[in-house]
Every structure is written in C-alpha cells, then in structure tokens.
Amino acid sequence: MDISRLEKLSESAWRLSPRDGMRAPAIIYAAETLVSEMDDKVLEQIANVAKLPGVARAAYAMPDAHWGYGFPIGGVAAFDADEGGVVSAGGVGFDVSCGVRTHLTGLTPDQIHAVQDDLAAALYEHIPVGLGAEGELRLDDQEMTAMLSGGARWAVERGFGREEDLLRIEERGRAVDADPAEVSEFARKRQRREMGTLGSGNHYLEVQEVVDIFDPVVAEGYGLKRGECVVTIHCGSRGLGHQIGTEFLREMAVSAPALGIALPDRELACAPIKSDLGRRYLGAMRSAINCALANREIIGHLTRQVFARFFQHGELPLMFDVSHNTCKVERHAVDGGTRDLYVHRKGATRAFGPGDERLPESLRAFGQPVLIGGSMGTGSFVLAGVTTSEERAFSSACHGAGRRMSRHAATRMWGGRQVVDDLRAQGIIVKSPSMRGVAEEAPGAYKDVGAVVDSAEASGLAKKVAFLRPMICVKG
DNA sequence: ATGTCC
C-alpha cells in the first residue's frame with residue numbers, strides 16, 4: 001500500500017480523509033511496516049465501506065487486515081439505523097460467527113509430552129475435521145430450530161457442555177432475537193449432520209503451552225499460568241452460515257437499486273437495517289451465530305471426553321469463547337452523544353475494556369479476553385480489552401496473524417508433508433485430512449503475529465496478556 | 001469460509 005496517501009495520526013494509526021463519496025474517514029491501525037505490506041485493495045475496500053449509508057464515525061482496518069469479499073478481513077464498521085444505516089452480509093463474512101474458544105487444562109507440558117502422539121491421534125479421531133466432515137449428531141427440523149434459537153445453551157441442555165461454560169461465552173452463549181424461520185430449508189439441510197465438526201481452511205484445534213506472560217495480574221484473572229497447557233478451538237457455523245451468507249449476498253445485491261442504495265462495489269451488497277430484507281438477514285445471521293456457539297460448545301465437550309481418557313482431571317474449564325465474524329447492536333459514543341449502532345466485525349474481535357457491564361463478573365475487572373489465533377507454527381496470543389478501544393474502533397481488536405499470501409501462492413511455496421515434518425522437528429504434531437490444506441496454512445503464509453499484536457497494543461485496541469505455543473494441532 | 005459451480 002502506498003502510505004503517502006494516508007495522514008499519519010500516530011506510529012500505528014493512519015487516516016484517509018473522506019473523498020470520492022466517502023461519508024466518513026477510513027482509519028488503519030498498524031505500524032508502518034504492516035501498512036506498507038498491506039495490499040492496496042485493503043485501503044480501497046475500507047474506503048468503499050465508508051461510502052455506505054449511515055456509516056458512523058469512521059470505517060476501520062485492524063493490524064491484521066487483508067483483502068476480503070467486499071469488506072476487508074480485519075474490518076470494523078458501524079451503522080446507525082436512524083440515519084439510513086445498512087446491514088451487510090459481506091460485512092459479516094461467509095463464516096458467520098467464526099470464532100475462538102480457549103479451555104484451561106491445568107496440565108503441564110510434561111504431562112502432555114508423555115502422551116502427545118496418542119492424544120493427538122485421539123483428538124483427530126474423535127473430532128470430525130475437514131471439508132464435508134459429518135458428526136454423530138443428526139438434527140431433525142424441530143431440533144434444528146431449537147439449536148438456532150438456543151445456541152450454546154441448547155447444547156448444554158442436551159448434555160454437550162456445562163452450565164458454567166455459558167457465563168464464559170460472549171452473550172452468555174446465545175444471540176437473542178435470532179429468527180430461525182428466516183433460515184432456508186437448504187441451509188438447514190446442509191447443517192443437519194455437521195454439528196460438532198471443525199471444518200476446514202484456517203479452522204483448528206490446538207493443545208498449547210503458555211510460554212510467556214506479559215500481564216501477570218490479568219493472566220491470573222483469566223486462569224492462565226506460565227508452564228500450563230490450554231486447548232484452543234477455532235471454527236464457525238459450517239455449511240449453515242455459508243449458505244445464509246450466499247443467499248443474502250445475492251438477494252442484497254439484486255435488491256440494492258430498489259432499496260435506493262448505490263453500491264460502490266457489488267460485493268458490498270447490503271440492505272437498510274429498517275427494511276424487510278435487513279430484518280430478515282439479521283434474524284438469519286443471529287441464528288447462524290447460535291449455530292456457531294453451539295458447534296464450539298459441542299466440540300469443547302468432545303475435547304473433554306478425549307482428555308478424560310488420558311488424565312484424571314478432565315474438567316477443562318472454559319476460559320472464554322468469542323466470535324470474530326458478527327454484526328451486533330451496541331451503544332457507542334458518536335458526535336457527543338451515545339447511539340445504538342450495528343457494529344460489523346469481520347475478522348475482528350470484540351474487545352470490551354475493564355468495567356464493562358456486558359462482561360461476566362469474574363472477568364469484569366480485567367477486560368474481555370481477546371483470543372488471537374496465529375499460524376500453526378508460530379503460536380497464538382491472548383489479549384485483554386482496554387478502555388481506549390471504544391473511541392478507537394468501537395471496542396474492537398485484531399483476530400489473528402492475517403494472511404501474507406494467497407492459498408494458491410502458499411501451495412506453490414510449500415508441500416504439506418514438508419510442513420508437517422518441519423513442525424514435528426519443532427515438537428509440534430499436526431494432524432490433518434488434507435496435505436494441501438496444511439500447505440495453504442504453512443506458517444510462512446501468515447504475517448508475523450507478534451508484530452500484529454504489538455500494533456494492536458500500540459494502537460490502544462487491546463493489551464498483551466499471554467503467548468501460547470502449539471504442541472498439537474488438529475487442522476481442517 | 002464453503003459438498004471451492006444449485
């Protein structure tokens with residue numbers, strides 16, 4: 001990206017003032033090196049987002065931003081329903097409510113090492129993974145509706161997971177105002193056999209060691225101890241969310257002219273929040289959020305079953321579960337007052353600061369855990385929300401390392417087998433049904449996650465709490 | 001992300 005087009009606000013914040021139909025500025029939060037490495041498309045896309053009706057304050061790109069469908073991945077934008085604001089299927093993303101959860105294990109790396117190969121094999125065997133993977137569960141239409149309405153709470157009621165998990169899930173495990181009636185028959189059909197499955201692409205389950213603590217007080221508050229292991233699960237709403245995204249993107253693109261919306265890019269298809277189409281999308285999208293929350297709760301349950309075979313204490317309490325592809329109604333400061341806004345976070349994590357009443361009491365003093373998935377070789381971070389993030393980016397932060405190159409480019413650079421062997425030499429066991437998928441996800445295909453989170457911290461979006469190094473990776 | 005083109 002040509003950085004000379006941007007106004008430098010600080011070492012890690014860059015602004016494009018409104019032009020060419022932009023209704024608000026575009027702001028990129030990242031150190032100069034990361035901004036320079038970003039594709040020009042990121043700036044073009046975030047500027048286009050700032051052209052949409054009812055956009056509030058500014059459109060933002062997080063430090064891990066990269067080119068996406070319409071909106072960049074790592075994009076945040078909020079819209080005001082009373083100002084003609086819109087909701088956009090492309091602004092949420094195809095994998096609705098894709099997200100991350102981390103379970104504590106209380107186990108030491110030595111305990112994992114003693115069973116590492118067998119544990120990796122058991123996790124890989126017990127948790128369905130890969131494109132088109134099916135689980136043991138079969139949902140009839142009535143159960144599908146209950147799941148789409150109940151989220152992780154539905155899963156717990158059916159015996160998958162524990163009541164106490166719900167307090168450690170965003171929105172207490174359930175998106176309210178979901179409308180399962182707006183989820184098509186085909187979307188339901190695609191999901192019938194896919195509950196409790198990990199999926200493919202960048203989705204994974206990892207056993208990780210906490211190797212660095214940056215903020216001892218917050219780490220203790222989260223239950224993270226140096227030299228202990230955690231399990232992190234990254235997945236979303238599988239075929240159902242994808243189908244909802246596909247259907248509504250198409251309908252929004254077709255309907256835009258009639259709804260009086262001039263799209264700067266067809267991929268930015270959207271509908272007024274106060275329209276029938278907008279309301280229907282929100283009802284379906286919230287159902288997909290519940291699908292993802294239920295899916296991760298079931299996978300957490302399956303993980304506990306495997307750990308119970310190997311260890312006496314297989315409780316695996318949930319530290320936190322947070323989505324990074326969502327649209328949520330939140331109250332934020334705008335123009336000297338506060339407004340209810342529809343905050344789109346696509347490849348961006350909600351990051352409430354300390355004291356926020358929407359956080360569970362046990363976490364409120366520390367700020368919200370922000371779970372950052374790095375690549376399978378380089379490791380992951382746990383961050384904490386900070387109060388400055390509200391004015392900087394509607395209480396949002398990055399979500400991962402961000403791709404450095406396309407999947408296709410990665411397969412030209414690496415072979416899957418070679419990546420697996422290289423990681424094994426570093427003590428990391430990778431299990432995957434797809435060697436091509438592993439090549440696409442090679443550590444070198446991602447940006448330096450450390451540089452990304454340093455930028456997030458410098459930008460006042462979140463602060464570093466802990467660094468996690470993978471030991472076992474089950475990869476889709 | 002995705003039974004990578006219902």
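In what follows, chains carry the letters A, B, and so on, assigned in the order in which the sequence lines appear, proteins first and then strands, with residues in each chain numbered from 1. We use all heavy atoms of the structure for the numbers below, so side chains are in, but hydrogens, waters and symmetry mates are not.
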In this structure, how many angstroms lie between the [atom2] atom of [N] and the [atom1] atom of [X], rounded?
X        : N     : atom1 : atom2 : result
A/Arg193 : B/dT2 : CZ    : C1'   : 18 Å
A/Asp95  : B/dT4 : CG    : C1'   : 14 Å
A/Lys189 : B/dC6 : NZ    : P     : 12 Å
A/His203 : B/dT4 : NE2   : P     : 16 Å

Side-chain donor/acceptor pairs under 3.5 Å, residues 434-441 of chain A, sequence neighbours excluded:
residue  : atom : partner  : partner atom : Å
A/Ser434 : OG   : A/Gly437 : N            : 2.7
A/Arg436 : NE   : A/Glu440 : OE2          : 3.3
A/Glu440 : OE1  : A/Arg407 : NH1          : 3.1
A/Glu441 : OE1  : A/Tyr446 : OH           : 2.8
A/Glu441 : OE1  : A/Lys475 : NZ           : 3.2
A/Glu441 : OE2  : A/Arg403 : NH1          : 3.4
A/Glu441 : OE2  : A/Arg407 : NH1          : 3.0
A/Glu441 : OE2  : A/Arg407 : NH2          : 2.9
A/Glu441 : OE2  : A/Tyr446 : OH           : 3.3

Contact class for [X] (heavy atom, under 4.0 Å): base, sugar-phosphate, or nothing?
X        : answer
A/Glu440 : nothing
A/Phe186 : base
A/Gly201 : sugar-phosphate

Residues that A/Asp177 engages under side-chain hydrogen bond (donor to acceptor under 3.5 Å, both in side chains), provided they are two or more places apart: none
Pair A/Glu143 + A/Arg138, salt bridge at N-O below 4.0 Å: no
For A/Tyr29, all residues meeting ring pair (Phe, Tyr, Trp, His ring centres under 6.0 Å), sequence neighbours excluded: A/Tyr60
Residues in contact with DNA chain B, drawn from residues 241-258 of chain A - heavy-atom cutoff 4.0 Å: A/His242, A/Arg250
Residue pairs passing the ring pair (Phe, Tyr, Trp, His ring centres under 6.0 Å) test where at least one lies in residues 277-304 of chain A, sequence neighbours excluded: A/Phe160-A/His301, A/Phe248-A/Tyr281
Residue pairs, two or more places apart or on separate chains, that pass ring pair (Phe, Tyr, Trp, His ring centres under 6.0 Å) and touch residues 398-417 of chain A: A/His324-A/His399
Closest nucleotide among B/dC6, B/dT4, B/dT2 to the A/Arg436 side chain: B/dT4
